[in-house]
Structure formats: C-alpha cells, structure tokens
K.L.:
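Got a structure here, written out as structure tokens. Questions coming.
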Amino acid sequence: MSELRTDPRSPWADEDGTVPPDSWGRGTGPKHTLPWGFALVVVLLVVGRFTLAPHLTAPALQTWATIFVAICVQALPFLVFGVALSAAITAFVPASFWTRALPRHPAAAVPVAGMAGAVLPGCECASVPVASGLMARGVPPAAALAFLLASPAINPIVLVATAVAFPGQPLMVVSRFGASLAVAVLVGWLWLRFGRSEWLPIPSRPHGDGPKWARFGEAMRHDLLHAGGFLIVGGLAAATLNVMVPREWLAALAEVPWLAVVVMALLAVLLSICSEADAFVAASMTAFSPTAKLAFLVVGPMVDLKLIALQTGTFGRAFALRFVPLTFVLAVLVSALFGWLLL
C-alpha cells in the first residue's frame with residue numbers, strides 16, 4: 001500500500017501543514033455586487049422603456065430596420081452559397097486543376113476567368129469567398145479578381161432578370177453583359193500590370209490532413225464567420241445611407257445627363273442591392289436616362305457598401321483602398337461608353 005506524500009514546495013502547503021489557510025481562494029471584495037448589478041439593469045430597462053420607446057417607433061428608424069434586414073436576408077443565401085463553393089474548391093479540387101484549366105500566361109488567364117463568371121449563378125457576396133479560394137489554390141490574383149467582378153454581373157440569372165425588367169430592350173441586356181465583362185477584364189489587366197503583392201496578400205486557408213469532408217467543414221466555418229460579420233457592417237452602412245439621402249435630390253440631379261450617370265453609380269454603391277434584383281430597381285427610376293441606368297447595373301455588382309466591407313475583411317484595407325476606386329472609375333467610364341454606342 002503506497003504512502004501519500006506531500007511535496008514540501010507545493011503551493012498548497014504552508015509552514016504549519018498541508019492544509020491551506022482559510023483565506024486562500026476567498027475574495028476580499030463586496031459580497032453582494034450581483035444583486036445590485038441586476039437591480040441596475042432592471043432600472044435601466046424600465047427607464048429605457050419610457051424614454052427610448054417613442055423614438056424606436058419613428059418611421060425613419062422602422063425604414064432603416066427594414067432595409068437592413070432586407071439587405072442581410074437577401075445576401076445571406078448567396079454568401080452561404082459562395083462560402084460552400086469556396087470550401088468545396090479548397091477541399092475537393094486539386095491545385096493542379098487550375099493550372100490546367102487556365103492559360104499559363106496570366107494576361108490570357110484574365111479574360112478566361114472573367115468569362116467563367118458567366119456559368120456561376122450568384123451575387124457579389126458569393127464572389128468574394130470564391131475568389132479568395134481561387135487565389136489560395138494557385139490562381140493568379142488578377143484572374144481571380146476578374147472572376148470576382150464578372151461573376152455577379154454576367155451570370156444567366158442576372159441577365160434573365162435584366163431582360164424581364166427591361167422588356168423589349170435587348171440592347172440593355174447586351175450592354176450590361178459587354179460593359180461588365182469589359183470592366184472585369186480591364187481591372188484584371190491593370191492589376192496584373194501595376195498591382196503589388198503587398199497590396200493583396202494571398203488569403204490563408206485552413207488546411208488539414210484529415211478527410212476531405214472534415215476540411216470542407218473547417219474551411220466553410222472559417223469563411224462564414226469571417227465574411228458574415230463584414231456583411232452585417234456593410235448592411236448597417238447601406239441602411240443608414242438609404243434613410244439619410246432625400247429622394248428629392250435624385251429627381252433634381254436626373255435632369256443633368258452627365259451628372260445623372262455619376263449619381264446613379266453612387267446610388268448603386270449606397271443601396272447595395274443584390275445583382276439578381278437591381279435591374280427592377282433601375283427600371284423603376286424613370287427620371288434617369290438609359291445610360292444612367294446602365295451605370296447603376298454595372299457598378300452595383302462590383303462596388304457597393306457590403307461588398308467593400310467583405311473585400312476589406314477578406315483581402316485587407318490596402319487592397320480595398322486601391323481596388324475599389326479603380327473599379328468604380330472604370331465601371332462609370334465603360335458604362336458611359338457602352339450607353340453612348342448602344343443605348
């Protein structure tokens with residue numbers, strides 16, 4: 001039978017024996033802080049009920065809440081779809097596939113990646129995690145960025161929705177497809193020529209040695225938690241600006257042709273409407289010219305508040321500060337050119 005021994009240097013032994021003093025492990029602070037804290041919370045809730053409730057029922061705040069919920073509910077399914085697709089690329093698609101599917105020269109890979117966006121139904125929220133996954137699997141950043149911009153603007157669902165929103169105007173569909181693809185390719189080429197690696201670090205992806213389904217789940221949790229928070233931030237900003245911008249200003253600005261294009265482009269950034277639904281909003285703005293509406297349709301899927309937040313959270317602030325202005329300016333210029341030629 002073994003003998004119980006006590007280490008003389010154990011922290012549980014004092015000079016008089018092995019039992020610690022009564023004061024050890026006992027706090028010296030107040031004994032009744034929890035009841036007082038609970039009472040304070042109750043008082044604050046009661047006071048807030050009578051002082052804040054009238055303001056919480058204001059029409060502007062109700063409109064803000066409706067827009068915020070609508071943006072998040074509208075974008076969340078596509079964000080989940082994009083995260084799932086990105087995780088599937090990480091877990092199931094070998095890196096060698098992309099070297100075979102895309103041209104070896106990055107300049108040739110950019111338009112091919114842009115055209116690949118035509119076969120992926122999804123909105124801009126889905127394109128960010130997919131582009132991140134492509135970069136992590138060895139796709140040149142310029143090609144992945146071309147895919148990021150083209151996918152939400154030229155996929156079949158968006159083009160069909162545009163045709164339905166603009167009945168009898170097939171040139172609007174053609175213009176949207178051509179202008180969006182041109183912007184995506186131009187941005188990819190410009191990033192290939194002038195972009196720097198420190199501006200766009202390759203996103204790190206969770207790797208594992210376990211089964212593919214385990215890696216799929218790990219990658220999906222990683223991306224969803226990361227991107228979901230920035231989607232909420234973008235939704236908050238978009239809802240706030242939707243409420244603060246008076247509608248009367250838009251009607252006055254629509255009378256100046258060149259200014260109307262810029263206004264509609266900025267409005268697309270602020271409203272942050274999903275690309276599957278933005279054509280119906282653009283068609284409803286009858287005061288604006290077809291070229292201004294085209295700018296709204298081209299800019300929206302490429303630059304909006306929730307997309308900026310997602311890009312900043314995924315690729316970093318240094319990237320967003322350069323990529324967003326470049327994309328916005330090219331989208332406005334190319335839209336004006338296509339509108340002048342076709343509309």
Side-chain angles (χ1 to χ4, degrees), residues 110-124 126-127 131 142-192 254 257-285 288-304 307-308 311 323-343:
V110 169
V112 173
M115 284 299 300
V119 301
L120 178 63
C123 78
E124 56 272 18
S127 65
L145 294 178
F147 176 86
L148 183 152
L149 295 177
S151 172
I154 66 173
N155 70 71
I157 293 180
V158 170
L159 296 180
V160 171
T162 305
V164 173
F166 293 91
Q169 303 181 50
L171 287 180
M172 181 63 76
V173 181
V174 174
S175 300
R176 182 174 194 178
F177 178 89
S180 299
L181 182 60
V183 172
V185 174
L186 287 174
V187 170
W189 279 340
L190 288 174
W191 194 271
L192 180 64
W258 65 269
L259 187 58
V261 174
V262 178
V263 169
M264 284 292 280
L266 292 173
L267 194 62
V269 177
L270 301 181
L271 293 181
S272 302
I273 303 172
C274 188
S275 59
E276 278 81 2
D278 60 359
F280 299 95
V281 177
S284 67
M285 298 182 179
F288 290 87
S289 65
T291 301
K293 296 178 183 178
L294 178 62
F296 182 90
L297 297 177
V298 174
V299 172
M302 298 184 178
V303 184
D304 64 28
L307 187 57
I308 293 172
Q311 291 174 356
F323 184 75
V324 172
L326 171 64
T327 304
F328 180 82
V329 171
L330 281 177
V332 172
L333 295 177
V334 173
S335 300
L337 178 60
F338 271 75
W340 177 69
L341 292 175
L342 300 178
L343 302 177

K.L.:
Checking Val262 now: which residues fulfil side chain to side chain contact (heavy atoms under 4.5 Å, CB included) with it, not counting sequence neighbours?
P.N.:
Leu266

K.L.:
With rounding to the nearest 0.5 Å, note down the distance linking CZ in Phe166 to CG in Leu297.
P.N.:
5.5 Å

K.L.:
What's the shortest heavy-atom distance between Leu294 and Gly339, and which atoms?
P.N.:
CD2-N, 3.8 Å

K.L.:
Can you name the residues that form a side chain to side chain contact (heavy atoms under 4.5 Å, CB included) with Ala331, not counting sequence neighbours?
P.N.:
Val183, Val298, Val299

K.L.:
Excluding sequence neighbours, so at least two apart, what forms side chain to side chain contact (heavy atoms under 4.5 Å, CB included) with Leu190?
P.N.:
Phe194, Leu326, Leu330

K.L.:
Any side-chain heavy-atom pair from Val174 and Phe338 closer than 4.5 angstrom?
P.N.:
no

K.L.:
Heavy atoms only: give me the nearest Met302-Gln311 pair and the separation to one decimal.
P.N.:
O-NE2, 4.2 Å

K.L.:
Is the shortest side-chain heavy-atom distance between Thr327 and Trp191 below 4.5 Å?
P.N.:
no

K.L.:
Give me the atom names and distance for the closest heavy-atom approach of Pro152 to Pro301.
P.N.:
CG-O, 3.5 Å

K.L.:
Tell me which pairs pass salt bridge (charged side-chain N to carboxylate O under 4.0 Å, His left out) where either residue lies in residues 328-340, with sequence neighbours left out.
P.N.:
none

K.L.:
Can you measure from CG (Asp304) to CG (Leu267) and round to the nearest 0.5 angstrom?
P.N.:
11.5 Å

K.L.:
Among pairs that include at least one residue of residues 162-177, which meet salt bridge (charged side-chain N to carboxylate O under 4.0 Å, His left out), considering only residues two or more places apart or in two chains?
P.N.:
Arg176-Asp278

K.L.:
Kindly give the heavy-atom pair with the smallest separation between Val324 and Val303, and that separation in Å.
P.N.:
CG1-CG1, 3.7 Å

K.L.:
Grab the two heavy atoms, one from Phe296 and one from Met264, that are nearest each other, plus how far apart they are.
P.N.:
CD1-O, 3.4 Å

K.L.:
Using the side chain to side chain contact (heavy atoms under 4.5 Å, CB included) criterion, which residues pair with Ala165? Sequence neighbours excluded.
P.N.:
Ala279, Phe280, Ala283

K.L.:
Quick check for you: to the nearest 0.5 Å, what is the distance between Asn155 atom CG and Phe177 atom CZ?
P.N.:
10.5 Å

K.L.:
Ignoring hydrogens, what is the shortest heavy-atom contact between Ile154 and Leu159? Give both atom names and the distance.
P.N.:
O-CD1, 3.5 Å

K.L.:
Sub-3.5 Å donor-acceptor pair from the side chain of Ser151 to the main-chain atoms of Phe147, do we have one?
P.N.:
no

K.L.:
In Å and rounded to the nearest 0.5 Å, what is the CZ to CD1 distance from Phe328 to Ile308?
P.N.:
9.5 Å

